[in-house]
2 protein chains.
Amino acid sequence: MQPNVTVPITDVSLHHFKAACSACSLRELCLPLGLSQDEMNKLDTIINQRIPVKRGEYLFRAGDPFRSLYAIRTGFFKTCVVSEDGREQVTGFQMSGELIGLDAISTETHACDAIALEDCEVCELPFSKIESLSRDIPALQLHFYKVMSREIVRDQGVMLLLGNMRAEERLAAFLINLSQRLAARGFSAVGFHLRMTREEIGSYLGLKLETVSRTLSKFQADGLITVQNKQIELVDLPAIKRLLTGCQGAHS
Amino acid sequence: MQPNVTVPITDVSLHHFKAACSACSLRELCLPLGLSQDEMNKLDTIINQRIPVKRGEYLFRAGDPFRSLYAIRTGFFKTCVVSEDGREQVTGFQMSGELIGLDAISTETHACDAIALEDCEVCELPFSKIESLSRDIPALQLHFYKVMSREIVRDQGVMLLLGNMRAEERLAAFLINLSQRLAARGFSAVGFHLRMTREEIGSYLGLKLETVSRTLSKFQADGLITVQNKQIELVDLPAIKRLLTGCQGAHS
DNA sequence: CGTCACTTTGAGTTTAGTCAAGCAGAGTGG
DNA sequence: CCACTCTGCTTGACTAAACTCAAAGTGACG
C-alpha cells in the first residue's frame, strides 16, 4: 500500500489507453440508453479513458479541488470520510460501472477520500464538459440527475441499516448486496473474493472488526457461508436472505 | 394527525396562493444567485406556489409515482423509509428553503414518505419542466446538480454519525445542526421548539426514544441545555460543541 | 375534565465494544 | 529456501452502552 501517492494523470497515460465509450462493455452501466452515434462521439471526445490507479492509491482526497467525476472501468474502490479525531467512516464500496465524486459538486471540493482497493482503471469525466454536454443531450442530463438520485436512495438504505439493524442483519445485507452487484456484472453470485479488510467492512457497517469476524464465523458455523480468509462462498443464500426479512432492499 | 390523507393539489389552491419566486424571501435558499429577470419569470411560470399541507399529512408516500420536487416555503417535514416489518427510519428533517423528493428521480417512484410535522406550505416544481428549463438556464442546471450533491454530502454525515458516534454525541450533533439551520433562517440559535417526537429523533439518530429522553435529561442535569417538553434552550453551546470535538461538521 | 399520546425514570438484560493473546499468510531479505 | 516481520484475522474474557420492559407522570386537545 502506498497511501500517500495520488495518481498522476499524464497526457501519456490518456493517449496510450484511449478507447471509446461507444465500444465499452460497461456502457449500459455508465451511460443512458438510446444515445445516437453522434452523441456517443461527442461523449468520447470529452472523456479521458482508462486511467490506471494502483492498489492503495488515492483517486482523490477530501479537500481536493473538484474537477472531474470518475467512472470505474475495472477494480474496486472505497470512499470514506474521516473525522478530525481520526475516526474513519467508510461510506461506500464502488465497483465497475459506478461513478464516484458526486459529493464534490456541491462545494467544488471533494468531501471524501476515494482509495483503490485493488489495481483499477477509471475514466475521467471533466465536470465542466459534462455540464455543457448535458445541455445539448437531454438524455445525458436526465441520466446524471438519475445517477445522483440513485446515490441518495442508496444512502437512505445505508441509514436504515445503520439505524435499525443488528450485527447479523447488517452483515447479511452486506453480503447480499455484494452478491447482487457482482452478479449484475457477470460474476458469480455465490462465491467471491472480498477486496476490503474486516476493519473496512466494520467501518461501513458501523461495527468493530472483531464483531465482523465473529459474525462471519457464526454464519460459517451455522452453515450459511464458508469463509477462508477473504474468499467467501454463500452456501445457503435463501437462509441469508431470511435473516433480512422485513428489512427491504436496504442499500442498493 | 391524519396520516392517511395525501394533500390534494387543486387549481383553486394554486391560483389562490400564486406568488412569484422573484418576490420570495427564500429565494437565496432555493434558487441559484444571479438569474436574470427574464429567467426568473420563466421559473415563476412553471412553479405552483404555496400549496398548503396540514400537520400529519403526507406530501407523498413511498411508491407514489414521481412528478414533482417540492420546495418547503414554511413549516417542517420529516422523510422516512419503512421496512417491510414496520421498522421506520427517519432519513431527515426538512425546513423552509429545502427541497424534497430528490430520491424519486432515479426510479420515477418516491422512495420515502414525506410527512408534515406542522402546518406547512410548499411550492411544487414539476420535474419535467425543471428538466427542460435547466437546459435553457445553465445556472439552474448546475444548481440542481449542487442541491443533489449537497444531499449526498449530508447523508454521508449522517452515516458518520450513525456508524461512529455514541448517544450523547449524536444528540449534540442533532441539536447543533438544528440550531445552525434555524439561525440561517433568522430564528434564535439557542432557543427553539422541537417539531418532532422523541421517537422520531431516536429513529433519525439510531436510538430508542428512552435513550433520547435520558440523554436530554442528562444534558439538562449537566447544565448544557434546558428542556421543557419540546422547548429547548441551549444554555452552554460551546460545551455542547465540545462533546462533538473531532466529529467534524457531521450532518449539514 | 377525561382521554390519549408523549415523556420520564427505574431495573434488569442484551448486544456489541474493549482489551488481550495468539495465529495465519504475504511479502522481504538474508 | 527459510526465517522474519507485518498486517490482518480469530477467539476469549470482561465491560460498557444502549435496549427492553414496566410504571407513572405530564400536557394538549376535544
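In the text below, chain A, chain B and the rest are named by the order of the sequence lines, each starting its count at 1.
- Atom OG of B:S149 is separated from atom CG of B:L102 by 11.5 Å, given to the nearest 0.5 angstrom.
- The side chain of B:S217 places an N or O atom within less than 4.0 Å of a non-bridging phosphate oxygen (OP1 or OP2) of C:dT9.
- Judged purely by atom type and a 3.5 angstrom limit, B:S203 uses its side chain to pair as donor or acceptor with the backbone of B:E88.
- Under the 4.0 Å criterion applied to side-chain N and carboxylate O atoms, B:E118 and B:K54 are not assigned as salt-bridge partners.
- In this structure, A:R198 atom CZ and C:dG25 atom C1' are separated by 13 Å, rounded to whole Å.
- The CG atom of B:N164 sits 15 Å away from the C1' atom of D:dA17 (whole-angstrom rounding).
- Stacking of B:R185 on the aromatic ring of B:F187 is not recorded, the 6.0 Å distance cut-off and the 45° axial limit not both being met.
- Nucleotide D:dT10 holds its C1' atom 15 Å from the CG atom of A:L194, rounded to whole Å.
- No engagement by A:K218 is indicated, since no non-hydrogen atom pair under 4.0 Å with the nucleic acid exists.
- Per the geometry, CD1 belonging to B:I232 stands 10 Å off P belonging to C:dT7, to the nearest Å.
- Separating the CG atom in A:L162 from the OH atom in A:Y204 is a distance of 8.0 Å, to the nearest 0.5 Å.
- The pair B:E124-B:R50 does not meet the salt-bridge criterion, since no charged nitrogen lies less than 4.0 angstrom from a carboxylate oxygen.
- With respect to A:E168 and A:R214, no salt bridge is recorded, no charged nitrogen being found less than 4.0 Å from a carboxylate O.
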Using atom names, set out every protein N or O paired with an N or O of nucleotides 16-20 of chain C below 3.5 Å, distance rounded to 0.1 Å.
{"unit_1": "C:dA16", "atom_1": "OP1", "unit_2": "A:A167", "atom_2": "N", "d": "2.6"}
{"unit_1": "C:dG17", "atom_1": "OP2", "unit_2": "A:K208", "atom_2": "N", "d": "3.2"}
{"unit_1": "C:dG17", "atom_1": "OP2", "unit_2": "A:T211", "atom_2": "OG1", "d": "2.4"}
{"unit_1": "C:dT18", "atom_1": "O4", "unit_2": "A:R214", "atom_2": "NH2", "d": "2.8"}
{"unit_1": "C:dC19", "atom_1": "N4", "unit_2": "A:E210", "atom_2": "OE2", "d": "3.3"}

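- Computed from coordinates, the B:K230 NZ to C:dC6 P distance equals 7 Å when rounded to whole Å.
- Applying the 6.0 Å contact sphere to CD of A:E199 captures no more than 12 heavy atoms from other residues, nucleotides or ligands.
- At whole-Å resolution of the value, CG in B:L171 and P in C:dT7 are 13 Å apart.
- Between the CZ atom of A:F219 and the P atom of D:dT10 there is a distance of 13 Å, given to the nearest Å.
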Could you list the protein-to-nucleotides 23-28 of chain D atom pairs, N/O on both sides, closer than 3.5 Å?
none

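- Between B:R73 and B:E98, no side-chain nitrogen of the basic residue sits less than 4.0 Å from a carboxylate oxygen of the acidic one, so the salt-bridge criterion is not met.
- As rounded to whole Å, 13 Å separates atom C1' of D:dC19 from atom CZ of B:R170.
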